[in-house]
Amino acid sequence: MVGTPPNVAEDHLVDWFRWMITMRTFDQRAWNLQRQGKIGTYAPFSGQEAAQIGCMSALRADDWIASSYREWAGLAYFGVPLVQPLLSSAGHPDGGCMPESLNVLPIQVVIGAQLLHGVGLAWASKLQQQGRVAMTVFGDGATSQGDFHEALNLASVMKLPAIFVCQNNRWAISLPVERQMNVRSVAQRALAYDIDGFRVDGNDVLATAQVMRSVVDRVRQEQVPVLVELVTYRLGAHTTADDPTRYRDAGEQAAGAAADPLVRYAAYLTAQGLLDAAARARMQQEAQSAVDHAVAELERRGRVDAWTVFDQVYATRPAQLEEQRHELQQRVLAHRADGAGGGAR
Amino acid sequence: MLEGEQKDPAQADRGAVGPIRSYQWILPDVGEGIHEAEIVRWLVGPGDWVGLDQPIADIQTDKSVMEIPSPVAGQVARLFAQEGQLVRIGTVLVEFAVAAPNPAGDAPNGLPPGQSPHQANLAPSSERRVLATPAVRRLARELGVNLQQVTPGGEGGRVRAEDVRRHANAPQPTDDHPVEPVEPVELVEPTAPLASSPGRMDRVPFRGTRRAIADHMVKAKFTAPHVTTMDEVDVARLVALRESLRPEAERRGVRLTYLPFVLKAAVTALREYPYLNASLDDERAEIVLKREYHIGIAVDDPTGLVVPVLRDVDQKSILQLSVELAALTEKAHARTLSVPESHGSTFTVTNFGSLGGRFATPIINYPEVAILGTGRIEQRPIVLADGSLAARPVMGVVLTFDHRVIDGGLAARFLNRVMGLLGYPERLLLEML
């Protein structure tokens, strides 16, 4: 880590590390839960904790977030409960229910679609003069989507308080970033829309937090969009259905592991006298218990009746949806009564 | 889908749930939309105690080999599949004895109390992995075609829709059993060993040298578009020349074969046609023309193909090549080749004729761009220049080339040159250094 450290209180610095450890622990457990059949497809974020937590750390509690499916470290830091990603991957109807107290959209699985939602939220914030900014987070793969360009263009034309954060983890599933774009950085695409673009070492939580703070302040005050590219690395697979050893060689994996933000940040905090082995062990233990708690919560809430999938779609169910819900309920109950067991649940 | 747990049916029937409970783990969809997986190896056995998330098995799907972490802490009571077995998603694979009570309630895996989960859908272990897209799999189901029996025609051994249709239209010789799973069978008692796979066959581990050769061949064949050109050459003069030189060579303790002549002819032609002594650097979009002539020699060995490298063939005499060839061949069989003796060839020669066969379509020794093959020399009827028929010693020669780098015309000119030198070996004198 180089440069002037940001003006951040010490307990903040340690807090970030605590969150990084917690989310790494979570990520590994979630992977196992998928293999055990307790949740469905899951997209691990290990290696991107600093980029995620660093960028969310600059937001105000009432700002908007529209993110992809790989942002759980940042979202958890922002206040989303740890059980949420588990519910989401388990296909639980509550998977998309973000806390009422937060302005966080459900995660977006369609690549790049959340950028448009982010622009809409930014536009609404501007019209309502709420002083809120809308941050939208996406991967490097999303920058090759049409939605990316539409979103940046509209935000630029309308001068919207939108922050576009690209988590450039180098890999769009199996496609390396240099094979999907002919430009040297995502950040330089900002030029095309005459907005500011920044490229930051996303594996440096301090650098990320520092740049994001000034960006968020500027966007809030001047009501203009900004594009930020956080250069990071996806240490693991694209999802639980992926095997990165098929397309990445061992040398690259090793280089990625060497740049692990947890390793770097731990070294920094230790050198600053803010972290020692005992504190770290304690944090690890706390992380484990937080994750255990989330898994227990998942298991407590895990099993619901199939027809409840309709319940979260509208505040008040339209007649047609009510009808479908009723029909499904009747069928499932009839199926159960036939002695087919609870398999349809 | 969130719990794979259930009470022991016997205990449930008695209504007395003891402190030790049974947890049956059902193989989930460990990928995304897969429907079967192969048990590569068990990392635990009956009686072993395992912790939560401790690895218990490696399983393989269409996409990858993955490690399965234990879903519970407890003791492994039974395993319901063997290594190498193909298992459908939803099959009970492991039964654990666990101590902790289950807060999730009764029979959450969907099986009513008292009904035994059966060890269903265990396909025969002889099945190989079939590569096919979901659309093709669906087509196969619709046409009642067993994908295992379809000859793949697609890249990388993939079964394509047209392969399935062709298979469906072809007359089926014997019992074309449908893809449906075998009959459910009873739970295997813990004391009884799992029934071994039926049928008369041996299963040989695919690893080591065999695996390395396979990987190399697949890489070569699926990277370089292969074309093979073939011809025959009248080698009467070469046979006579070798016969006349043999006594002299033997006096010097050297057994003279045809191969050094072939190597000399090949190198002479390679010097004139540098694009055959080359490789393709895809990354930099460059063809690398090599100015060294290190020739790989394919050597048949019971443990698998070995290709020792005879270095600087252009700078060595036929006698010297004979001596080195003998030494390299011996080392190849003994697996004592050094790195320079086994790597860095720029072109390869395979004398498949030494084992029989007039023609072959050799696979390029990737990343080289061509390989020369020589067939058995045998008396064949040929038409001489004056139109008369004669029996002459004839050798088949073949050249497989990488069509990315070499076109048919160049390949033919090269092969013609080699044939000219083998047909009139005295011409090699003109090339002597």
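Chain A is the first sequence line, chain B the second, and so forth, proteins listed ahead of strands; every chain is numbered from 1.
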### Query
How far does CD1 of B/Ile68 sit from CG of A/Asn32, to the nearest 0.5 angstrom?
9.0 Å

### Task
Using a cut-off of 6.0 Å, state whether more than 12 heavy atoms not belonging to B/Arg404 lie near its atom CZ.
yes

### Query
Taking all atoms of both residues into account, what is the closest heavy-atom pair of A/Gly37 and B/Pro28, and its distance?
CA-CB, 3.2 Å

### Message
Please determine whether the number of non-hydrogen atoms from other residues, nucleotides or ligands lying under 6.0 Å from atom CD of A/Glu286 exceeds 12.
### Response
yes

### Gap between atom CZ of A/Arg35 and atom CD of B/Glu67 - 0.5 Å precision
9.5 Å

### Task
Grab the two heavy atoms, one from B/Val30 and one from A/Gln34, that are nearest each other, plus how far apart they are.
O-NE2, 3.2 Å

### Query
Given that the side chain runs from C-beta out, which part of B/Leu27 has a heavy atom under 4.5 Å from chain A: side chain, backbone, both or neither?
neither

### Derivation of the side-chain hydrogen bond (donor to acceptor under 3.5 Å, both in side chains) call for A/Gln36 and B/Asp53
CA-CA 9 Å; A/Gln36 291 157 351; B/Asp53 289 340; 2.7 Å; yes

